[in-house]
Amino acid sequence: MVDASEQSPQSGDYVRPSAPSTPPPYLAVLNDEQLKAVETTDGPVLVLAGAGTGKTRVLTTRLAYLLQRGLAWPSQILAVTFTNKAAREMHQRIGDLISGVVEGMQWLGTFHSIGAKILRRHAELVGLKNNFTILDTDDQIRLLKKLIVAADIDEKRWNARHLVSLIDNWKNRGFTPEKVPESESFTFANGKGIELYRAYQERLKVLNAADFGDLLLECITLFQNNPDVLTNFQKRFKYVLVDEYQDTNVAQYLWLRLLAQEYKNICCVGDDDQSIYGWRGAEIDNILRFEKDFPGAKVIRLERNYRSTPHILAAASGLISANEGRLGKTLWTGVEDGEKVGVRGVWDGEEEARVIGEDIEAYHRSGRSLSDIAILVRASFQMREFEDRFLTLSIPYRVVGGPRFYERAEIRDVLAYMRVVAQPDDDLAFERIVNKPKRGLGQAAIQTLYNLARARSCSLTQAARQLLDTDEIPRARRALSSLIQMIDRWAAESKTLPHTDLAETILEESGYAEMLQNDKSADAPGRLENLKELVRSMEQFENLAGFLEHVSLVMENEQSKSDDKVSLMTLHSAKGLEFPVVFLPGWEEGLFPHQRSLDENGIKGLEEERRLAYVGITRAKEISKISFAANRRMYNKWSSTLPSRFMDELPADHVEVISETSLYGSTAPNTSMFAEESGPITVQFGGGGSISKSGYQNPGWRRVQQAKRRDSVPLIEESANDPTASDFDLGERVFHQKFGYGRIKSIYGNKLTIEFEKAGRKKVIASFVERH
DNA sequence: TGATGCTGCGTTTTT
DNA sequence: CGCAGCATCA
């Protein structure tokens, strides 16, 4: 075990105890723990890398070290990441460290790209051809919809989207149809779920296609059924490196374990406190269990933080310590002082946006770049108010993680043409283009095609070829024939023609370009422009297959970071980023932690939400400002909200209450600083989650419990749209816990303006005052 | 084949 | 409330 005590917070600069005679320069920049993580090359290693502790540096240096010490050839190292961005960054940085070696690193990439690579080499062993298509969620839904209808199941009751997530879930957990547990077999359409899963897998084989889950699961199947193939890979990979291990799912774990079996030199880097993707299959237990899963594992903690100020670190650490299931780390920094984490209550979302906007303007005036500033929200609907505000203030901003290029309809259409050319059995692509542009191949013709394909269990293009030899479809025959001829011609040309030229040919000959040119709608020119962009982007690829692989595996969403703009994004997409100034709005019960997370996943959900909060705070280098609104409009209904329980979990010493408004009173001391313990309390979101069993005892939590007990019926207050909804009258004399006696001057929904005898005019929530 | 009206849904998102 | 997806009709 590694003892963090070895390096005390005081020893900022240190001398390594037994430095090798000539330490390579790239090792000299590491601290003790980092160095240990790099030099511990034998056996399983878990590097627990807290936020901002130099994780990427360790990963890349370790790679460089392995290579430079001659411990492995570039081709003998398997290095996996989750995102293309991370893979690219690693690639880049290794190249910077040692030139000329990166080209040989064929096994550096995302789980999915490497899975696809392995699968393509041995596709025939799992019933695919090596040019198989990779389907995205959209394709999956369309395919499953058909299977559901074909199985005579009411698609409205049991919708395809739901089944897709079930199947994905099974695949994430490493279940082929045979292995799905009995207990889960009835979760869809009274037990037909598994049948559909099986039918879906069969259909994929006919279509010569794999979905994302298959890229790993089929790999595992391949390894299990073909020991020789597995052995071959095991012997190849002398070293295995895994980034963001806390995000791995069960299938990925199994995959890794199989591959690392021979040498057992597996190094996983991650942070259990930053596991925020449980909802899409990430299994936090993978990292928690590491030492059990890999006997003899060494655990190295990176705890020195190079990003944030002590207050920010302490606030985040205090918050996350409320979680039970964690390995535990103590982050520290050599940096001195800095601002406390700001916490601010506002009236509503609009005010929140206004106040943050003012702050941003002030920071900007005092010389900060806008690109130093980020606003991190829990849910994307929160972005709107900020966008509105930024527009009126003309503050330039960028939304990170918007709609994606490859998801646009016109792009998908043209890609479908290319898919059919590259892989004629790709029915989903064929269906997409068969009558686009319109060529008179309507419902009836397609149905005939479809029936034949099903009967022969072949693909649509194969069925089409057979149909053309008959008199089955007299009317559409000519159109179908010419379409098939076109596809054949393109397929032939694809062997000689550069793929960009082919793309242009397809655009012209298919009539797709013409269709857009004749389209008079406002966005048609933009679509054409997108298509040109698509063709341009193909240039950097060697061939059509390479390009298509890229498209299906890389949902690129790069933005030029160079402009000076405020960043607006969700907490999820902020992971891995850092900003000098971070605003964290919307810390309200029900929104954050999100009610749904609590309802569906109980305490596990709550802990994941808390990790999300931790991720949010730790994005900040210098300044971090949290806020919550007392009222929030969702789906155009006003609701009063309670401050997030996470607010209560921030250690008071590291928090500063910013109270420009006298919303809840300004003198509230520490922990339960915002809540009025008196007065009837309404909570926005309903539902009694299974979390009530939890042992959470903080004030915020207790308040929610109280509220639930008090009025067991409606937890949702939705009357506020109606200006007369409050049961107070104008001019009525009321009493407020904090402000004393006063008279109501105006009423809007549950907001009252009251002229207090001592405190003056204040806006308060109706439920916080009582008649007098 | 296109337009129209209705219903249901509304957290996070990569590959 | 606003939107997407569907069904229905002309």
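Here is how names work: the chains are called A, B, and so on, in the same order as the sequence lines, proteins then strands, and each is numbered from 1.
The cationic atom of A:Arg173 (NZ for Lys, CZ for Arg) does not lie both less than 6.0 Å from the six-membered ring centre of A:Phe175 and within 45° of the ring axis.
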Protein and nucleotides 4-10 of chain C: nitrogen or oxygen contacts under 3.5 angstrom:
unit_1, atom_1, unit_2, atom_2, d
C:dC6, OP1, A:Lys145, NZ, 2.6

Shorter than 3.5 Å, N or O on both sides, protein versus nucleotides 9-13 of chain B: list them out with atom names.
unit_1, atom_1, unit_2, atom_2, d
B:dT11, OP1, A:Arg596, NH1, 2.2
B:dT11, O4', A:His594, NE2, 3.2
B:dT11, O2, A:Arg378, NH1, 3.1
B:dT11, O2, A:Arg378, NH2, 2.1
B:dT12, OP1, A:Ser380, N, 2.8
B:dT12, OP1, A:Ser380, OG, 2.1
B:dT12, O4', A:Arg378, NH2, 3.2
B:dT12, O2, A:Trp279, NE1, 3.2
B:dT12, O2, A:Arg378, NH2, 2.8
B:dT13, OP1, A:Thr570, OG1, 2.6
B:dT13, O4', A:Arg280, NH1, 3.4

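The two residues A:Leu108 and A:Ile114 have their closest heavy-atom pair at C-CD1, 4.1 Å.
The side chain to side chain contact (heavy atoms under 4.5 Å, CB included) search around A:Gln423 returns A:Asn131, A:Thr133, A:Asn208, A:Asp425, A:Asp426, not counting sequence neighbours.
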The test is side chain to side chain donor-acceptor pair (under 3.5 Å); show your working for A:Tyr200 and A:Asp211 and say whether it passes. CA-CA 11 Å; A:Tyr200 171 70; A:Asp211 63 25; 2.8 Å; yes
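Between A:Phe82 atom CZ and B:dT15 atom P the separation is 11 Å, expressed in whole Å. Computed from coordinates, the A:Ile446 CD1 to B:dT1 C1' distance equals 13 Å when rounded to whole Å.
Between A:Asp139 and A:Arg142, at least one side-chain nitrogen of the basic residue sits less than 4.0 Å from a carboxylate oxygen of the acidic one, meeting the salt-bridge criterion.
Using a 4.0 Å heavy-atom distance criterion, A:Asn435 is classed as a sugar-phosphate-only contact. Using a 4.0 Å heavy-atom cutoff across all strands shown, A:Phe212 reaches at least one base atom of the nucleic acid.
In this structure, A:Arg378 and A:Trp587 have side chains that are not in contact, with every pair of non-hydrogen atoms separated by 4.5 Å or more.
The P atoms of C:dA4 and B:dT11 are separated by 15 Å, rounded to the nearest whole Å.
The environment of A:Arg121 atom CZ is dense: over 12 non-hydrogen atoms of other residues, nucleotides or ligands sit within 6.0 angstrom.
Nearest-nucleotide mapping onto DNA chain B: of A:Arg439 and A:Ser552, the residue sitting toward the 5' end is A:Arg439.
A donor-acceptor contact shorter than 3.5 Å links the side chain of A:Thr641 to the backbone of A:Ala629.
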